[in-house]
Amino acid sequence: MNLNVVILAAGKGSRMKSKLPKVLQPLAKKPLLSHVLDTSFNVSATKVIVVYGHGGDLVQSTIKASYPEAPIVWVEQKEQLGTGHAVQQALSELEPGSKTLILYGDVPLVSKESLETFIEDTEETGCGVLTVKLDNPKGYGRILRDESYHVTSIVEEKDATDAEKLVQEVNTGIMLVNSDLLTEWLPTLKNENAQGEYYLTDIIKIAREAHINVNATVISDPMEVEGVNDKRQLAALERQYQRSLADQLMVAGATLIDPNRIDVRGSLSVSADCFIDVNCVFEGQVSLGENVQIGPNCLLINSTIGDNTVIKANTVIEDANISDSCDIGPYARIRPGTEMKSGAKVGNFVETKKSVIGEGSKVNHLTYVGDAELGKDVNVGAGTITCNYDGVNKSKTIIGDGAFIGSNSSLVAPVEIGAGATIGAGSTISKDAEAEKLTLTRAKQMTVAGWKRPTKK
Ligand code: UD1
Ligand code: CA
């Protein structure tokens with residue numbers, strides 16, 4: 001049976017106090033709705049229908065940009081008349097004979113595993129609800145059951161009697177119903193209730209009247225079904241989520257000095273004996289080899305770090321490929337297109353971009369290396385600049401194996417420094433420098449006889 005997913009995302013989210021629609025608010029740098037979409041595709045939905053209302057244009061353009069090929073259908077709910085009314089807008093899009101999973105655009109963290117269990121549990125009856133037991137169930141729809149523990153209905157907080165309000169099992173909002181049943185039931189909903197809304201939850205009673213047993217799968221981790229209505233809840237969920245990611249990293253063998261002070265906004269893979277100090281942020285796809293050591297306050301984006309590499313405090317690395325046993329920072333900026341080969345070293349206040357730093361080469365202090373290729377065992381002195389840009393074109397600097405670049409040199413690209421060459425400190429090199437030779441450009445030093453320093457009167 002094909003699985004269709006209907007994501008309810010028409011709510012205005014006014015409590016966010018933001019121009020950005022609620023479902024585009026970021027959790028771990030990804031829109032809430034994208035979390036739900038990713039999970040939908042992970043449970044193999046053949047079609048995903050998003051019911052939108054407020055801010056629809058921005059929601060659609062943002063999502064279309066990150067899922068250009070995905071089978072997402074957009075359905076507008078012009079007036080928000082309730083969750084039942086919202087799902088009704090999607091009915092004509094459901095594939096006949098399919099089953100429909102209803103998710104919320106502002107409940108981002110429900111896991112693939114929980115949904116798979118729920119789908120399996122509901123297989124037999126064709127109608128199910130995902131529930132959770134809460135110490136404080138206030139505000140949620142309560143799950144009502146009969147003496148034989150069968151679910152009979154869901155009652156909203158505002159419609160509940162005092163006795164019903166004591167029930168701690170609540171509706172997460174996530175439901176699974178055979179599409180054909182949904183198509184039959186939804187048009188019969190009435191809005192005669194405390195909120196004057198068409199409640200999706202009323203279909204549970206309808207199912208019982210049709211002698212269909214309603215499956216209720218109880219989820220164990222409340223974080224998975226927590227919704228986001230304001231910035232405080234967004235921040236709280238972000239912390240919970242980050243903490244759960246930190247736990248996964250520690251289970252995988254990483255040492256985190258403080259699991260409350262790490263942020264992963266994407267996917268981070270770690271290996272045995274990785275060590276991560278406080279306040280490190282990882283974005284996109286980052287992978288760390290064995291025994292990688294990362295100092296405090298580092299930002300790593302879309303990069304691969306090889307075994308035994310040490311990254312010291314306050315280093316930023318983006319779109320880079322770092323090999324094993326490298327030594328980076330503190331305060332290094334490794335920009336996109338940097339490749340560091342085994343044992344290479346980049347020290348403090350060094351910026352690299354689109355460059356290869358060869359095996360065992362050292363760029364230790366205060367240097368800019370852009371559009372350059374450094375061979376093996378090169379030593380670049382402090383204050384060296386590759387002048388790669390003439391205002392229009394970018395050009396390359398090539399430095400051969402074993403070359404030694406004296407401090408404060410400018411290498412005006414395109415230029416090639418031969419293997420084993422030495423460049424005298426303070427040189428401006430605009431022509432190729434021969435291998436194994438000393439090349440320098442330097443005004444002759446002189447001493448002015450009889451010169452007197454001015455004195456204050
Ligand atoms: C709903 C459930 C309640 C459940 C709770 C879980 C109903 C009647 N109640 O209550 O049992 O415990 O969720 O959080 O279903 N939406 C639309 N269009 C609408 C109305 C809502 O798209 O016309 C969307 C909202 O954007 C939101 C979701 O549906 O993502 C839930 O709506 P909300 O108003 O928050 O429902 P609750 O009253 O909290
Ligand atoms: Ca809600």
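Indexing begins at 1, ligand by ligand and atom by atom, following the structure's order. Numbers here simply count residues along the sequence, with the first being 1.
The closest side-chain heavy-atom distance from I206 to L189 is below 4.5 Å. Between S323 and M340 there is no side-chain heavy-atom pair separated by less than 4.5 Å.
With Y67 contributing its side chain and S34 its backbone, the two residues share a donor-acceptor pair below 3.5 Å. For S40 (side chain) and V36 (main-chain N/O), a donor-acceptor pair under 3.5 Å exists by modelled atom type.
Numbered from 1 in the order shown, with element, the atoms of ligand 1 that lie under 4.0 Å from a heavy atom of T172 read 6 (C). Residue A86 approaches ligand 1 through these ligand atoms, each under 4.0 Å from one of its heavy atoms: 17 (C), 18 (N), 22 (O). The atoms of ligand 1 that sit less than 4.0 Å from any heavy atom of G141 are 3 (C), 4 (C), 11 (O), 12 (O). For ligand 1 and L8, the ligand atoms under 4.0 Å from any heavy atom of the residue are 22 (O), 24 (C), 29 (O), 30 (O).
The residues D106 and K22 are annotated as salt-bridged, a charged nitrogen and a carboxylate oxygen being separated by less than 4.0 angstrom. Note on D263 versus R239: salt bridge recorded, some NZ/NE/NH1/NH2 to OD/OE distance being below 4.0 Å. Remark: R142 does not engage E169 in a salt bridge, criterion side-chain N to carboxylate O under 4.0 Å.
Counting heavy atoms under 4.0 Å from ligand 1, residue K22 does not touch it at all.
Classified by interplanar angle (parallel below 30°, tilted 30° to 60°, perpendicular above 60°), the ring pair Y331/F349 is parallel.
The closest approach between G227 and ligand 1 stays at or above 4.0 Å for every heavy atom of the residue. Within the 4.0 Å heavy-atom cutoff, D106 counts among the residues contacting ligand 1. Heavy atoms of E156 approach ligand 1 to within less than 4.0 angstrom. For the pair V51 and ligand 1, no heavy-atom separation below 4.0 Å is found.
Polar contact check, G82 against ligand 1: a nitrogen or oxygen pair lies under 3.5 Å apart. Note: no N/O pair closer than 3.5 Å links Y199 and ligand 1 by distance alone.
Between atom 1 (C) of ligand 1 and the options Y140, Y52, Y104, the minimum heavy-atom separation is to Y104.
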